[in-house]
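What follows is a short report on a single structure.
Numbers here simply count residues along the sequence, with the first being 1. Values below: all heavy atoms of this structure, side chains included; hydrogens, waters and symmetry mates excluded. Atoms within each ligand, like the ligands themselves, are counted from 1 in listed order.
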Amino acid sequence: MNQPATSAELKRDLAHLIHPLQRPAAQTGAHVWVSGCGATLVDQSGREFIDALSGLWNVVVGHGRGELADAAARQMRELAFATNYAGSSNRPAIELAERLSTICYPSIKKFFFTSGGAESNESAFKTARFFWRLQGKPDKIKIIGRRWGYHGTTMAAMSATGIASYWPMFEPRVPGFLHIESPYPYRFQPPADAPAGDRRTQGEQAADLLAAAIEREGPGTVAAFLGEPVQGAGGVIVPQDDYWPRIRAICDRYDILLLADEVITGFGRTGAWFGLSRYGIEPDILSFAKGITSGYFPLGGIGVSQRIAQAIDDAPNESTWMHAFTYSGHPVGCAVALANLDIIEREGLVARAGEMGARLLRGLETLRSHKHVGDVRGLGLMAAVELVADKQTKAEFPPAENVGQRIHAATQERGMFTRMRGDVYNLAPPFITSEAQIDRMVEILGESIEAVLGR
Ligand SMILES: Cc1ncc(COP(=O)(O)O)c(C=O)c1O
């Protein structure tokens, strides 16, 4: 049963709990989430909110799935934990890796498990360096990411992240991580050195920034390119259709690995099992987390192509892949993931994410006529509305006006909860969100924009 709202509870929170991105002022009116059902979350006052971000992009099958609780309890009773280090294994981990080999990219058949997204990306970076070292190319160490990329907040993942606000208080960043511009269709500017009469599309220009960076750095020093198929936390940036195929070709031309961060796009979010298949290409390594367990247990991992798997397996003793986490292949996490994949398959949720996403985007398009709605974008069930001070110039609002946070407050008053990137409103609800809830989300956002910015 819900407890009545209590400020005493929030005082205890303030006294003892440090939150991600801690800001005490944010805690005074914080929601203490107490239960969830489907696409709805309930806070300490008993108020219901549409969970417009699926928790943190992860609760893809929705809240309150007893089946996942049962899978966890069953596994905990049988075997709560055992090491998965070389020389040991467990049945849920074996079954999950095998299952992933049937739904992942055709060239990716082997998997390593972690506890979340940042650990997965760390694993991907280290594996890329390991691979090149074994090929006799130990100087190939640099990782090229992109502006607006979000890859987690451990030291290397933070260094790969291309949202600068994550860096300053933790400098120096890990050396060897650099960034190119995001393809960002709404804001992309042709490079200053573009030749006169340049006939390349915007997507080709954006991809060619990678080639330029590799040339600048020296191909012999670059290990990999890292990117989310659709940039998520950076504001749901959907690239041009010709971007990724060209990126793949550039990686091949310069002999660098393609790392796909599919922590958000993996397991159906874009309307396909994995995000790059829409573009007809495959990565060398993919990172995943979030949707694999719908957040019911912290689990992530990487999948690697055959030649990388072979390198790991064939490494001589003195060059062993010395990479490990206590919780790698956690039997409970793997059991929950298997039950979660059962739900996704049984209920046809990948296709549903595509259908509900199309409905959401159609709805959001109706907001485009508002004088401060600069851009509406999305792919599958991830979408964003970017608010601007001036549609003509695309100028942003002055940060002091706090437009994003005021819109966020207005949507909460109307019963919807998400996370913003500045003045970009991100939407990525669970795949089971009903049509009525999708329509209501559009209505709430439209009303909130008018309440804050006028008609
Ligand atoms: C694309 C992407 N990569 C990595 C991460 C980091 O995952 P975690 O917070 O589980 O470390 C996130 C988290 O939002 C993410 O969206």
Numbering as shown, the atoms of ligand 1 that approach N121 to under 4.0 Å (heavy-atom distance): 3 (N), 4 (C)
Applying a heavy-atom cut-off of 4.0 Å, say which part of H151 lies close to ligand 1: side chain, backbone, both or neither. backbone
Quick check: do P183 and Q231 have side-chain heavy atoms less than 4.5 Å from each other? yes
Counting non-hydrogen protein atoms only, what is the nearest one to atom 8 (P) of ligand 1? Give residue, atom name and distance. G117 N, 3.5 Å
Going by the 4.0 angstrom heavy-atom rule, the piece of L56 near ligand 1 is neither
For ligand 1, which is the ligand I care about here, please tell me if A233 has any N or O atom under 3.5 Å from one of the ligand's N or O atoms. no
Which of the numbered atoms in ligand 1 are under 4.0 angstrom from any heavy atom belonging to E228? 1 (C)
For the residue pair Y425 / T411, report whether a side-chain donor-acceptor contact shorter than 3.5 Å exists. yes
Under 4.0 Å, heavy-atom basis, I'd like to know which part of A118 is in contact with ligand 1: side chain, backbone, both or neither. both
Of all the heavy-atom pairs spanning Y296 and G62, show the shortest one and how long it is. OH-O, 2.7 Å
Indicate, as side chain, backbone, both or neither, the part of Y150 found under 4.0 angstrom from ligand 1 when only non-hydrogen atoms are considered. both
Quick one: does ligand 1 sit under 4.0 Å from the side chain of E119, the backbone, both or neither, non-hydrogen atoms only? neither
